[in-house]
Asker: 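This is the structure I have questions about; it appears just below.
Note that the numbering runs from 1 along the sequence shown for the chain.
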Amino acid sequence: MPKTLPTIDEFLAALPAERRDTMTTLHQAIRKAVPKLAPAMMSAMGSSPVIGYGKYHYKSASGREGDWFLIGLAAGKKDYSLHICAGDKDGYLVDRSAAKLGKVKIGRTCINFKKLEDLKLDVAMGLVKQAEKTGGLNAAV
């Protein structure tokens with residue numbers, strides 16, 4: 001039987017105070033940037049729960065398909081992850097903007113950082129807004 005995910009409020013409340021403050025700040029910034037993207041708790045890649053914002057259906061070149069979040073926010077054991085699953089003909093939004101995001105580590109669609117001050121929040125929220133306009137990676141049309 002699948003594990004029941006907490007509500008967003010339960011998830012945030014269960015975090016240690018400092019991590020809760022950072023996650024709450026990020027959650028509120030995302031909600032303000034893209035108010036039309038409904039937030040929901042999701043499980044992703046066997047990690048701790050993720051707050052997903054917006055959902056889209058994807059189909060990869062290999063034929064695999066499913067539903068995924070457009071924006072994702074997670075609190076790992078040591079760092080935070082902001083996933084922006086969007087790109088366009090010029091590549092992944094996160095990948096292209098790496099130099100502008102601050103003291104972070106990035107993957108193609110993921111921004112990892114240890115503390116909120118390391119992330120240039122205004123740049124990240126600009127990418128979040130852009131992602132809402134461009135839609136998800138490999139979105140099935």
Asker: Within 45° of the axis and under 6.0 Å from the centre of the six-membered ring of F11, does NZ or CZ of R20 qualify?
Answerer: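 No; the conditions do not both hold, so R20 does not lie above the ring face of F11.
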Asker: Can you tell me if H83 uses its side chain to pair, donor with acceptor, with the backbone of C110 under 3.5 Å?
Answerer: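 The answer is no, because no donor-acceptor pair under 3.5 Å joins these two groups.
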Asker: How close do G107 and V94 get, counting heavy atoms only, and between which atoms?
Answerer: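 Reported closest heavy-atom pair: O-CG1, 3.5 Å.
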Asker: So, taking the atom named CG in L121 and the one named CD1 in I30, what distance separates them when rounded to the nearest 0.5 Å?
Answerer: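 One finds 8.5 Å between CG of L121 and CD1 of I30.
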Asker: State whether the side chain of R19 and the backbone N or O of D79 hold a donor-acceptor pair below 3.5 Å, judged by distance alone.
Answerer: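 Side chain of R19 to backbone of D79, a donor-acceptor pair under 3.5 Å: yes, one is there.
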Asker: Heavy-atom distance under 4.5 Å between the side chains of D90 and R96, does that happen here?
Answerer: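 In contact.
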Asker: Under 3.5 Å, is there a donor-acceptor pair between the side chain of S97 and the main chain of K100?
Answerer: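 No, the answer is negative, given that no donor and acceptor are paired below the 3.5 Å cut-off.
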Asker: So, Y53 versus H27, ring centres under 6.0 angstrom or not?
Answerer: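 Ring centroids of Y53 and H27 are less than 6.0 Å from each other.
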Asker: Provide the closest heavy-atom pair for V50 versus G72 in the form atom of the first, atom of the second, distance.
Answerer: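 Taking every non-hydrogen atom into account, CG1-CA, 3.8 Å.
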Asker: Taking all heavy atoms of S43 and all of L5, pick out the closest pair and write down the distance.
Answerer: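 In terms of heavy atoms, the two residues are closest at N-CD1, 3.8 Å.
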Asker: Using a 4.5 Å cut-off on heavy atoms from C-beta on, say whether the side chain of R64 contacts that of Y58.
Answerer: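 They are in side-chain contact.
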Asker: Considering the options I71, D95, T134, which one meets the side chain to side chain contact (heavy atoms under 4.5 Å, CB included) requirement together with I84?
Answerer: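 Exactly one pass, corresponding to I71.
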Asker: With a 4.5 Å cut-off on side-chain heavy atoms, are Y56 and C85 touching?
Answerer: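 Contact flag for C85/Y56 side chains = yes.
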Asker: Within a strict 4.5 Å, meaning less than it, do heavy atoms of the L12 and M23 side chains meet?
Answerer: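 Yes; the side chains approach each other to less than 4.5 Å.
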Asker: Other residues, nucleotides and ligands only: do more than 12 of their heavy atoms fall within 6.0 Å of CZ on R108?
Answerer: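 No, not enclosed.
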Asker: Examine distances only and state if a side-chain atom of R31 and a backbone atom of L37 form a donor-acceptor pair shorter than 3.5 Å.
Answerer: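 Looks like yes, one N/O pair under 3.5 Å.
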Asker: In Å, rounded to the nearest 0.5 Å, how long is the span from OG1 of T24 to CG of L73?
Answerer: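 If I round to the nearest 0.5 Å, the distance is 9.5 Å.
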Asker: Between Q130 (side chain only) and L127 (backbone N and O only), is there a donor and an acceptor less than 3.5 Å apart?
Answerer: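 Judged by distance alone, no pair lies under 3.5 Å.
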Asker: Are any non-hydrogen side-chain atoms of K55 and M42 less than 4.5 angstrom apart?
Answerer: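 Yes. Closest side-chain heavy atoms under 4.5 Å.
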Asker: How about L70 and V128: do any of their side-chain heavy atoms sit closer than 4.5 Å?
Answerer: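 L70 vs V128: side chains apart.
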Asker: Side-chain contact, heavy-atom cut-off 4.5 Å: L119 with L26?
Answerer: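 They are in contact (side-chain heavy atoms under 4.5 Å apart), so the answer is yes.
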Asker: Could you check whether any side-chain heavy atom of M41 comes within less than 4.5 Å of a side-chain heavy atom of I51, counting everything from C-beta outward?
Answerer: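 Yes, side chains in contact.
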Asker: Quick one, Y80 with L82, criterion side chain to side chain contact (heavy atoms under 4.5 Å, CB included). Give me CA distance, side-chain angles, the key distance, then yes/no.
Answerer: CA-CA 7 Å; Y80 303 92; L82 175 61; over 6 Å; no
